[in-house]
Amino acid sequence: MKKFLLSLLLGLLNKFVISIVFNIASPIVFAFISKFSTGDWFKLLHNPLIDCIFGLLLVWFVASFVYKILLLRKNNRASNSDMFRFGGETIGPLSYKEVIWRIKGDRDHKGFVIQRSLYADTPAMCPKCRTELEEYKKILGSYKWKCIDCGFEKINKNNFYFEAGRAEKIARRDAENAWKLFKMQERDNY
Ligand SMILES: [Zn+2]
């Protein structure tokens, strides 16, 4: 029952355009009904019950509008990272957001990691058994990561693609630091 109500609510939040139509159409419809039943265009519109309906429609419109903006922002953020990257060799695992990311990239002819080639492969892996995780969208916009083998579960605010973008930044920073360290050691050896 609770699940049904939630999905009904979410369905209503998704009907942004329909909520606009209802908000525009209902005063017109009620004005016509008022005109034909009472002879006055506005008489029925002063009825508290009708005003309640208008109020609810307005709340629906505002809620679905806010929901739409939140959804758009979320999608924009997700598409900012390079979503479909492939190739390169596995450089190493990176622990981030309590799961394991496979950092991939290329090396130069000396065997050094090319920092800008690094990216985090998706999906992330289970921290316990290294199985690739599955991702499910939760009803309120967060995500559930689940291991099909050992049952590991984690709720995360953002999806794999978004977090992969952040794991990539951390990997690039680490590569940069390793490079600096190597350069320092090289200088000391001379
Ligand atoms: Zn597992």
Side-chain angles (χ1 to χ4, degrees), residues 1-16 63-186:
M1 185 64 192
K2 206 174 139 197
K3 213 165 186 169
F4 169 76
L5 280 176
L6 266 175
S7 63
L8 185 77
L9 201 69
L10 202 74
L12 282 176
L13 285 178
N14 269 319
K15 307 285 186 295
F16 174 60
S64 61
F65 181 68
V66 170
Y67 180 74
K68 195 167 184 71
I69 289 195
L70 288 179
L71 215 64
L72 278 175
R73 276 188 55 188
K74 188 160 192 160
N75 290 342
N76 275 342
R77 266 190 322 180
S79 60
N80 277 343
S81 60
D82 298 297
M83 282 178 77
F84 301 108
R85 303 268 298 268
F86 53 90
E89 58 179 292
T90 302
I91 303 295
L94 174 81
S95 178
Y96 172 65
K97 289 279 169 182
E98 297 169 41
V99 294
I100 308 293
W101 302 84
R102 277 164 297 186
I103 301 303
K104 292 189 170 181
D106 302 318
R107 292 178 189 274
D108 64 15
H109 63 282
K110 282 180 181 167
F112 289 115
V113 167
I114 302 169
Q115 190 213 9
R116 65 173 187 282
S117 74
L118 292 178
Y119 69 97
D121 203 10
T122 52
M125 295 188 300
C126 173
K128 290 181 183 162
C129 70
R130 301 276 169 130
T131 311
E132 288 190 345
L133 294 167
E134 288 186 347
E135 182 173 80
Y136 301 94
K137 199 163 171 26
K138 303 264 293 172
I139 209 152
L140 289 174
S142 56
Y143 295 86
K144 185 200 247 179
W145 296 340
K146 195 172 179 200
C147 175
I148 49 161
D149 192 34
C150 74
F152 167 84
E153 273 186 18
K154 180 182 158 52
I155 307 284
N156 201 62
K157 211 174 86 201
N158 302 303
N159 64 12
F160 275 147
Y161 297 113
F162 181 78
E163 298 297 3
R166 291 195 163 168
E168 175 186 308
K169 289 186 175 80
I170 292 168
R172 288 183 179 195
R173 180 204 62 196
D174 289 351
E176 172 100 25
N177 287 345
W179 174 251
K180 278 184 197 152
L181 191 70
F182 172 78
K183 278 287 170 195
M184 273 180 342
Q185 282 166 350
E186 200 179 44

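Just so you know, ligand 1 is whichever comes first in the structure, and atom 1 is the first atom listed for that ligand. Keep in mind that this is a model prediction, so the values were computed, not measured. Numbers for residues simply follow the sequence, beginning at 1.
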Practice problem: Taking atom CZ of Phe65 as the centre, report whether more than 12 heavy atoms of other residues, nucleotides or ligands fall under 6.0 Å from it. | Solution: no
Only pairs under 3.5 Å count here: list side-chain donor-acceptor contacts from residues 92-99, not counting sequence neighbours, and write none if there are none.
{"from": "Tyr96", "atom 1": "OH", "to": "Glu163", "atom 2": "OE1", "distance (Å)": "3.2"}

Quiz item: Can a salt bridge be assigned to the pair Lys144 and Glu135 using a cut-off of 4.0 Å between side-chain N and carboxylate O?
Solution: no
Practice problem: Measure distances from the Zn ion (ligand 1) and count the protein N, O or S atoms below 2.8 Å. | Solution: 4
Quiz item: Between Lys183 and Glu186, does at least one N-O distance fall below 4.0 Å, as a salt bridge requires?
Solution: yes
Self-check item: Lys154 atom NZ, neighbour heavy-atom count above 12 within 6.0 Å
Solution: yes
Self-check item: Check: Gln115 side chain, Arg172 main-chain N or O, donor-acceptor pair, under 3.5 Å
Solution: yes
